[in-house]
A.B. asks: 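Next up is a structure, given as structure tokens.
Reckoned from all heavy atoms, side chains included, excluding hydrogens, waters and symmetry mates.
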Amino acid sequence: MALTETVPAAAPPAHEGILRRQSLRESAARTYARSLPIVPVRARGLTIEGADGRRYLDCLSGAGTLALGHNHPVVLEAIRTVLDSGAPLHVLDLATPVKDAFTTELFATLPGKLAETARIQFCGPAGTDAVEAAFKLVRTATGRDGLMAFSGAYHGMTAEALAASGGAQHTSVVRLPYPYDYRCPFQTGGERGAELAARWTQSLLDDPKSGVPRPAGMILEPVQGEGGVIPAPDGWLRRMREITAARQIPLIVDEVQTGVGRTGAFWAVDHSGIVPDVIVLSKAIGGSLPLAVIVYREELDAWQPGAHAGTFRGNQLAMAAGAATLAYVRTNGLDRRAGELGRRMLDRLTALAAAHDCIGDVRGRGLMLGVELVDRSADADAMGARPADPQLAAAVQHACLERGLIVELGGRHSAVVRLLPPLTITDEQAEAILDRLADAIAAAVRTTPGPTGSSPTTMRGTSP
């Protein structure tokens, strides 16, 4: 080879080209792809393998969609059975054996008093479509128009669902306080804070000068997911049920993320024992495929034929995968397992918080856990809460990815690290998740200055 001959530059890895083309072609609205620059090519259970050959523990699980993790055998078998049977894959809202089996399995898991006479509406393929259907249903049934929702809520990205979410800017939806111990708006927290929130709601409804007419419905999440993994106290949920029932206001419970065993009960409302008028379901009920429904009391079924429709409401593969998932969770007690393992993981996160000033709060229910990161240099308020630290949270997420752990952020200012592992994880996998998270937090604290530019303090009671 001549001394002047140029050696060709090595071609960039294929996954880099895929990521580059995605950034050039896809909408600026893309979300997960920005903070998780990986190209998944294979996945099984908790593990994802990227095109670069790296393996990751997936603690996002399709934003809670993958109750059984990636490519669980019972889900794959259910899908193959439909494909091999020659059954039609697109049927609008026609009755099929697959649909009947899904509905039967779903009704077997519902709170008894609801399942006895419930009606089901198959909606478009996303949870936000089901939220829209729920709003339309209660408005039709009551003849009223207004809605009540809660601060910190997230119900979807279509118009009405977004209007009822916490980030809405222009909306006529009445916003109510949601119990949030760490940042209690009443500066009390605990049972007292939840009771004050309930009294506020009752006062608005009963005060003829409040400016709030009786609404068509109230919507709430038993655990706010995107809002920062904030579990509602069971007593407060029962108060909301009492308040709405006494005033003939349909109560809509959004179980899109909390359902199918995620919180340690099959449905999160099971913890409190309440029976909603409408339950909104999506994510895990499709067994990893798009599916969304609402289930509601038959007295609300006031729609005329065609009043709510959708071309893709008859997704046969999703119904088969969903029925298999529901049955597997139910027969194997994965809801109870999620509760037990979640408590152990929360105990370890609590110990981690005791060691790190940057962790303001840890909370959750079942395998729906959150770690709120705060400005360790700022003064605490009267409740002991400090300002959120989104810069540190982003650094922790990045450090997790470097260590082969996929996590998502949520909450106020995106400062809550959220853990949503599949319900099938083993004790050893749970420990691996927490080990990597703890290491990532320690590394991020060492390298990330506080929001005010001060030097970080890594451990309580120690010097920087």
A.B. asks: I need the Ser288 OG to Leu68 CG distance, nearest 0.5 Å.
C.D. replies: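 These two atoms lie 9.0 Å from each other.
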A.B. asks: With the threshold set at 4.0 Å, does a side-chain nitrogen-carboxylate oxygen contact exist between Arg262 and Glu255?
C.D. replies: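 So Arg262 does not pair with Glu255 through a salt bridge.
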A.B. asks: Please lay out, stage by stage, how Arg412 and Glu372 fare under the test salt bridge (charged side-chain N to carboxylate O under 4.0 Å, His left out).
C.D. replies: CA-CA 9 Å; Arg412 273 68 168 176; Glu372 183 160 355; over 6 Å; no
A.B. asks: What distance do Thr424 atom OG1 and Asn332 atom CG have between them, rounded to the nearest 0.5 Å?
C.D. replies: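 If we round to the nearest 0.5 Å, Thr424:OG1 and Asn332:CG are 10.5 Å apart.
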A.B. asks: Should Leu437 and Val417 count as side-chain neighbours, where that means a heavy-atom distance under 4.5 Å?
C.D. replies: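 Contact flag for Leu437/Val417 side chains = yes.
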A.B. asks: Using only atom types and a distance under 3.5 Å, with no angle test, would you say the side chain of Asp52 pairs donor to acceptor with the backbone of Arg54?
C.D. replies: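 Yes: the side chain of Asp52 pairs with the backbone of Arg54.
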A.B. asks: To the nearest 0.5 Å, tell me how far Ile230 CD1 sits from Asp181 CG.
C.D. replies: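 CG of Asp181 is found 9.5 Å from CD1 of Ile230.
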A.B. asks: Could you tell me whether a side-chain N or O of Ser61 sits under 3.5 Å from a main-chain N or O of Ala63, the two making a donor and an acceptor?
C.D. replies: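 No, the answer is negative, given that no donor and acceptor are paired below the 3.5 Å cut-off.
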A.B. asks: Could you tell me if the side chain of Leu434 sits less than 4.5 Å from the side chain of Leu419, heavy atoms only?
C.D. replies: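 In short, these two side chains touch, coming nearer than 4.5 Å.
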A.B. asks: May I ask you to say whether Arg21 pairs ionically with Glu26, meaning some side-chain N is under 4.0 Å from a carboxylate O?
C.D. replies: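 Looking at Glu26 together with Arg21, the answer is no, because their closest N to O distance does not fall below 4.0 Å.
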A.B. asks: Decide yes or no for Arg313 and Val293: does some side-chain heavy atom of the first lie under 4.5 Å from some side-chain heavy atom of the second?
C.D. replies: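 A side-chain contact under 4.5 Å is absent here.
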A.B. asks: Would a distance-only check, ignoring hydrogens and angles, find a side-chain to backbone donor-acceptor pair under 3.5 Å from Thr65 to Ala284?
C.D. replies: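 Pair absent, no side-chain N/O of Thr65 close to backbone of Ala284.
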A.B. asks: For Val416 versus Gly411, what's the shortest heavy-atom pair and its separation?
C.D. replies: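 Shortest heavy-atom contact: CG2-CA, 4.1 Å.
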A.B. asks: What is the distance from atom CG of Leu326 to atom CG of Leu281, rounded to the nearest 0.5 Å?
C.D. replies: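 It comes to 9.0 Å.
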A.B. asks: Which atom names give the shortest non-hydrogen contact between Gly342 and Leu369, and what distance separates them?
C.D. replies: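 Shortest heavy-atom separation between Gly342 and Leu369 comes out as O-CD2, 4.1 Å.
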A.B. asks: Please set out all donor-acceptor pairs under 3.5 angstrom arising from side-chain atoms of residues 395-410, sequence neighbours excluded.
C.D. replies:
from	atom 1	to	atom 2	distance (Å)
Gln397	NE2	Val407	O	2.9
Gln397	NE2	Glu408	OE1	3.4
His398	NE2	Glu402	OE2	3.2
Arg403	NE	Asp439	OD2	2.7
Arg403	NH1	Ala399	O	3.0

A.B. asks: Would you give the length of the straight line joining atom CG of Asn71 to atom CG of Leu76, rounded to the nearest 0.5 angstrom?
C.D. replies: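 If I round to the nearest 0.5 Å, the distance is 5.0 Å.
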A.B. asks: List the atom of Ala130, the atom of Cys123, and the distance in Å for their closest heavy-atom pair.
C.D. replies: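 Heavy atoms only, the tightest pair is CA-SG, 3.8 Å.
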A.B. asks: Does Glu221 reach the main-chain N or O of Val253 with its side chain, forming a donor-acceptor pair under 3.5 Å?
C.D. replies: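 Here the side-chain-to-backbone pair does not exist.
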A.B. asks: Name all pairs fulfilling the ring pair (Phe, Tyr, Trp, His ring centres under 6.0 Å) condition that reach into residues 75-100, sequence neighbours left out, sorted by first residue then second.
C.D. replies: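 Qualifying pairs, neighbours excluded: His90-Phe312.
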A.B. asks: State, yes or no, whether a side-chain contact exists between Leu220 and Asp254 at a heavy-atom distance under 4.5 Å.
C.D. replies: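 A side-chain contact is absent here, since even the closest heavy-atom pair is not under 4.5 Å.
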A.B. asks: Between Thr258 and Val223, is there a donor-acceptor pair closer than 3.5 Å when you use the side chain of the first and the backbone of the second?
C.D. replies: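 No.
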A.B. asks: Applying side-chain hydrogen bond (donor to acceptor under 3.5 Å, both in side chains), can you list everything that pairs with Gln187, at least two apart in sequence or on another chain?
C.D. replies: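 Per chain and number, Gln187 pairs via side-chain hydrogen bond (donor to acceptor under 3.5 Å, both in side chains) with no residue.
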A.B. asks: With side chains defined as the heavy atoms from C-beta onward, is the minimum distance between Gln224 and Tyr178 less than 4.5 Å?
C.D. replies: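 With C-beta onward as the side chain, the pair touches.
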A.B. asks: Pick one: which of Asp375, Ile441, Asp389 meets side-chain contact (heavy atoms from CB on, under 4.5 Å) with Cys358?
C.D. replies: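 Answer after filtering Asp375, Ile441, Asp389: Ile441.
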A.B. asks: Is Arg44 salt-bridged to Asp58, cutoff N-O under 4.0 Å?
C.D. replies: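 No.
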A.B. asks: Would Leu289 and Ile79 satisfy side-chain contact (heavy atoms from CB on, under 4.5 Å), going step by step from the backbone distance to the final call?
C.D. replies: CA-CA 10 Å; Leu289 299 179; Ile79 293 171; 3.9 Å; yes
A.B. asks: Could you walk me through whether Val98 and Val91 pass the side-chain contact (heavy atoms from CB on, under 4.5 Å) check?
C.D. replies: CA-CA 11 Å; Val98 173; Val91 293; over 6 Å; no
A.B. asks: Would you mind checking if Asp427 and Arg344 are paired as a salt bridge, meaning a charged N to carboxylate O distance below 4.0 Å?
C.D. replies: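 Looking at Arg344 and Asp427, the cut-off is met.
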A.B. asks: Where is the tightest heavy-atom contact between Gly45 and Pro422, given as atom of each residue plus distance?
C.D. replies: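 Distance-wise, the nearest heavy atoms are O-CG, 4.4 Å.
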A.B. asks: Compare every heavy atom of Val229 with every heavy atom of Pro231, then report the nearest pair and how far apart it is.
C.D. replies: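 Minimum heavy-atom contact is CD-O, 3.5 Å.
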A.B. asks: For Arg175 and Ser165, indicate whether the former's side chain and the latter's backbone hold a donor-acceptor pair under 3.5 Å.
C.D. replies: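 Such a contact is found between Arg175 side chain and Ser165 backbone.
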A.B. asks: On a heavy-atom basis, which atom in Gly261 and which in Ala338 lie closest, and how many Å separate them?
C.D. replies: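 Between these two residues, the closest heavy atoms are O-CB, 3.4 Å.
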A.B. asks: Measure from the ring center of Trp236 to the ring center of Tyr180 and say whether it is less than 6.0 Å.
C.D. replies: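 No.
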A.B. asks: Please check this pair: side chain of Asp84 against backbone of Thr81, looking for a donor-acceptor N/O pair closer than 3.5 Å.
C.D. replies: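 Here the side-chain-to-backbone pair does not exist.
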A.B. asks: Would a distance-only check, ignoring hydrogens and angles, find a side-chain to backbone donor-acceptor pair under 3.5 Å from Arg139 to Leu147?
C.D. replies: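 No, the answer is negative, given that no donor and acceptor are paired below the 3.5 Å cut-off.
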A.B. asks: Counting distance only, does the side-chain N/O of Lys99 pair as donor-acceptor with the main-chain N or O of Asp93 below 3.5 Å?
C.D. replies: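 Checking the backbone N and O of Asp93 against the side chain of Lys99, a donor-acceptor pair under 3.5 Å is found.
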A.B. asks: Measuring from atom CG of Leu46 to atom OG1 of Thr426, what distance do you get when rounded to the nearest 0.5 angstrom?
C.D. replies: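 Between Leu46 CG and Thr426 OG1, I get 8.0 Å after rounding to 0.5 Å.
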A.B. asks: side-chain contact (heavy atoms from CB on, under 4.5 Å), that's the test. Do Arg376 and His356 meet it? Break it down for me.
C.D. replies: CA-CA 9 Å; Arg376 50 213 179 274; His356 286 275; over 6 Å; no
A.B. asks: Within the structure provided, determine whether Leu346 and Val362 are in side-chain contact (heavy-atom separation under 4.5 Å).
C.D. replies: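 With C-beta onward as the side chain, the pair touches.
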A.B. asks: Under a 4.0 Å N-O cut-off, is there an ion pair linking Lys136 with Glu160?
C.D. replies: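 Result for this pair is no, no salt bridge flagged.
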A.B. asks: Let's go through Arg386 and Asp361 carefully: what are the C-alpha distance in whole Å and the side-chain angles of both, what is the deciding distance for salt bridge (charged side-chain N to carboxylate O under 4.0 Å, His left out) to 0.1 Å, and is it a yes or a no?
C.D. replies: CA-CA 10 Å; Arg386 285 180 296 206; Asp361 192 31; over 6 Å; no
A.B. asks: Per the side chain to side chain donor-acceptor pair (under 3.5 Å) rule, what does the pair list look like for residues 102-111, sequence neighbours excluded?
C.D. replies: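 Applying side chain to side chain donor-acceptor pair (under 3.5 Å) to every pair that reaches into residues 102-111, excluding sequence neighbours, yields Glu105-Arg330, Thr109-Trp267.
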A.B. asks: Is it the case that atom CZ in Arg25 sees more than 12 heavy atoms from other parts of the structure closer than 6.0 Å?
C.D. replies: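 Incorrect, the count does not exceed 12.
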A.B. asks: Going by ring pair (Phe, Tyr, Trp, His ring centres under 6.0 Å), name the pairs with one or both residues in residues 320-352, residues two or more places apart or in two chains.
C.D. replies: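 Found His72-Tyr328.
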A.B. asks: Do the non-hydrogen side-chain atoms of Val295 and Val278 ever get within less than 4.5 Å of each other?
C.D. replies: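 Answer no - side chains too far apart.
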A.B. asks: Assess whether side-chain contact (heavy atoms from CB on, under 4.5 Å) is satisfied between Leu352 and Thr350, documenting all intermediate values.
C.D. replies: CA-CA 5 Å; Leu352 188 65; Thr350 300; over 6 Å; no
A.B. asks: Is Ile433 close to Pro421 at the side-chain level, that is, under 4.5 Å between some pair of heavy atoms?
C.D. replies: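 A side-chain contact exists here, since the closest heavy-atom pair is under 4.5 Å.
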A.B. asks: Yes or no on side-chain hydrogen bond (donor to acceptor under 3.5 Å, both in side chains) for Thr128 and His155, after CA distance, side-chain angles and deciding distance?
C.D. replies: CA-CA 6 Å; Thr128 191; His155 298 294; over 6 Å; no
A.B. asks: When you measure from the side chain of Ser272 to the backbone of Leu237, do you find a donor-acceptor pair of N or O atoms at a distance under 3.5 Å?
C.D. replies: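 No, the answer is negative, given that no donor and acceptor are paired below the 3.5 Å cut-off.
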A.B. asks: Residues in ring pair (Phe, Tyr, Trp, His ring centres under 6.0 Å) with Phe122, at least two apart?
C.D. replies: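 Listed in chain order: nothing, the list is empty.
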